[in-house]
Amino acid sequence: MTTNGHLAAPPVPTSIIDNVPLNDAQRAAVVYDGGPQLVFAGAGSGKTRVLTAKIAWLIGHKRITPHNIFAATFTNKAAQEMKQRVRALTGSPCDSLWIGTFHSLCARILRREASRLGFLPSFTIYDADDQVSAMKKVIKEMEIDERAIPPRQALGAISKYKNACTPPEDLDPAAAPFFQREIIRIYREYARMLKRVQAMDFDDLLCNAVYLFRKNPPVLASYQDLFRYVLVDEYQDTNLAQFYLVKHLAGRSNAIFVVGDDDQSIYGWRGANIENILSFEKAFPGTHTFTLEQNYRSTQAVLRFANTVIAGNTRRAEKKLWTSRSGSARVRVTRYMDGRQEADCIGDDIRELVRGGMPAPLVCVLFRTNAQSRAFEEAFRRKQLPYVLIGAVGFYERKEIKDCLAYLRLIVNPLDDLSFERIANVPPRGLGDRAFKDLRTAARAAGCSLLQIILKGDFSMVADRARKGCADLRELFTEVNSWNAAGTAPHEVLSGMLTRTGYMDMLQGDDSEESEGRLENINELMNTLTIWSGANEGKALSDFLQEVSLETDVDRWQKRDDAVNLMTMHCAKGLEFKAVFLAGLEDGILPSRLNFDDEEKMAEERRLLYVGVTRAMDVLRCSYAEQRWRFGSVTPMSPSRFLHDVPPEVFDFEDRAAFHPAREPAHHTRRNAVAAGPSKSWRGQDDHPKYDAPDHFTQETVAFRIGQYITHKNYGRGRIVSLSGFGKDLQLTIVFNDGARRKLMAAFANLENS
DNA sequence: TTGTTTATTCTTTTT
DNA sequence: GAATAAACAA
């Protein structure tokens, strides 16, 4: 059953949302009150607005208390913003809304109910790094060869089980083939270890919440009573565990509202299941489906490009995005000689845009992988073009920051052996492998954690020279624990701790470039913590640690009023910019060569490009390079196969490679030298058959750009005013000196430069 | 036990 | 090219 607005929108004056400009379809979705709702919201169709209005309507019109609403968003930032807007609309304080990412909402539930799962409320949340080190330890302890089963692979397999909410005790190793059998054994040990150190990884937050509800029907019932309404944003990126969760919470009331766009499903690799949205109606019978097709974000030129990109995918929910926004700028596709030229020229183009009045923070460069950011950072720094890089090496993933956090974690959770092992010898305290082994044996015998052994004060199990270090640690933690108990502000605890341990001295003594940056980072952490303590009076150190580990890249993003933005396309989900540059659109990068052989993954790559394209409001520029400096050698590249699916009339093609002045950069091979040689993949052998891209992109004969003067045998001299198509099909629009405007096929026109 | 050198491996996207 | 692990010297 589908409604496009006109039928189901009774013009009931519902004062609460009268202040929100909504079109018919949006309004219909907001005021519908007849059971489960699925809203297909195309890119830029006002999804957030609908979601916000819906919550406001629930509170203001349906009289549901904020406390009884569960809303899952994709970032915490989005949650904060929505909270603000709902507050503005309803005039009621909305602090009690359950709104946030699935992970934070689950963490909140799990802290309250921890004991039912055999956890303490103070459990630690392990990030990807922590997971790897925990897994390495498990594998080592089980005396399995790390090369036979790489930790990451084991984690990947376990993550699949957790996504499906299959606990290790439901798996029978005897019934599985060898490799799987080992994985199951490892899964068991890993789970045991996390329990022992009182930690949950990201997947645990979701599946443990599901286990909680499965095993405790009364608890489930109490949450079903609590959450009278469940809303989910970006539903296309939910995984099975999240589906179970939603099904548990809303299964009885059927009071559920989900928004999403199957065309923007880009997290399949993380376990997201596009079937969740495509089969929503099966899971929630009686679902009413709404479709938002009017795009308010992009110009027709951008949207046409986007529509042709996504049209290449077959299995999609039918929808046609349209816009009434006109705009003068055509989409441009540019060919560059190499990554460096690409970054340079994009920098120049951005400067040009900004000079023309475009605010820098509304400009964004998007790429497929984090590694690609480097070229831009270098170029922009050279050009003194301010930028902010979102994502990449996250602040909280830096060594020194992780060290600080490990110290703090140990105060909150003394059972966290992993954090203990991380910092026990940083700065050096004479504790090496030998000492750790001794401590572990003693801890195991006493049935307690490493830190607890230290706190006992009996160091007879370790060698002489390690005793001093152990005693130091004991003194440190005894003292710090007393500060914390006495209610010393968190930032003071941290700074006291770092001075006391000599960590600061360690960095100050080392006058390398990095240690300077590290000191700065630690300062920044201290500032963050100070500000946080001020803004969150009454909250504990443990709350800070949780917020930090569940923070998304976008959450930490602060727009600077003079800086342009750099980020991956994944990171850009849900965001919009006036001008978007999509860089590195090459086969092997987007789509990633790692997904060449999997049809569904390739469809996801295409959706990723679609997401990138639809971030643009006014200006969209795509680019690819002929060769790229990758992995220590120059690799020839060809344009993304997705570009070939876009009909030429939808964009202007511009070739800047041929016009780039010959340059002899220190480490770059000359283009011709490479182009002439046999094409070699970066591994030294062609392990993937090279996609046979039509060579018209790279044909050296087609080298024209807008503004160039040429001479034609019959028509004389003229100036190129626009280009469309590629290679053999490249069409030039030329204004000749006689005033005539002619469209010519470049391949046949036989033009000369003049 | 610690710090240095050399070898080796591996490259996507993130809560 | 970078990050990590193993090997080695002090």
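All heavy atoms count here, side chains included; hydrogens, waters and symmetry mates do not. Letters A, B, ... are given to chains in the order of the sequence lines, protein chains preceding strands, and every chain is numbered from 1.
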With sequence neighbours excluded, residues passing side-chain hydrogen bond (donor to acceptor under 3.5 Å, both in side chains) with A:Asp204: A:Lys162
Distance test, side-chain N/O of A:Lys136 to OP1/OP2 of C:dA5, below 4.0 Å: yes
No-hydrogen, no-angle side-chain donor-acceptor test under 3.5 Å, A:Glu586 and A:Ser640: no
Nucleotide of C:dA5, B:dT15, B:dT14 approaching A:Trp269 most closely (side-chain heavy atoms): B:dT14
Touch class at under 4.0 angstrom, heavy-atom based, for A:Tyr267 against every strand present: sugar-phosphate
A:Arg398 CZ - C:dA3 P separation (whole Å): 13 Å
Sugar-phosphate only, base, or nothing, as touched by A:Ala466 at under 4.0 Å among non-hydrogen atoms: nothing
Geometric class of the A:Phe420/A:Phe436 ring pair [parallel <30°, tilted 30-60°, perpendicular >60°]: perpendicular
Phosphate-side-chain proximity, A:Asn370 and B:dT14, N/O vs OP1/OP2 below 4.0 Å: yes
Sugar-phosphate, base or nothing in reach of A:Lys573, heavy atoms under 4.0 Å: nothing
Centroid-centroid under 6.0 Å between A:Tyr223 and A:Phe213 rings: yes
Nucleotide B:dT15, atom P - distance to CZ of A:Phe202 in whole Å: 8 Å
What are the atom names and distances for every N/O pair under 3.5 Å that joins the protein to nucleotides 2-5 of chain B?
residue, atom, partner, partner atom, Å
B:dT2, OP1, A:Asn425, ND2, 3.3
B:dT2, OP1, A:Gly430, N, 3.2
B:dT2, OP2, A:Asn425, ND2, 3.3

Short side-chain N/O contact from A:Arg374 to OP1 or OP2 of C:dG1, under 4.0 Å: no
Nearest-angstrom distance from the residue atom CG of A:Leu608 to C1' of B:dT12: 10 Å
Nearest-angstrom distance from the residue atom NZ of A:Lys399 to C1' of C:dA3: 9 Å
Most 5' of A:Ala435 and A:Glu605 on DNA chain B, judged by nearest nucleotide: A:Ala435
Side-chain N or O of A:Thr568 closer than 4.0 Å to phosphate OP1/OP2 of B:dT14: yes
Cationic N near anionic O, under 4.0 Å, A:Arg382 to A:Glu378: no
Among B:dT15, B:dT11, B:dT14, the nucleotide that comes nearest once only the side chain of A:Leu594 is considered: B:dT11
Nearest-Å distance once atom P is located in both C:dT4 and B:dT13: 15 Å
is_close_aromatic(A:Phe74, A:Tyr267), centroid dist under 6.0 Å: yes
Face-on cation placement of A:Lys539 at A:Phe544 ring, 6.0 Å and 45° thresholds: no
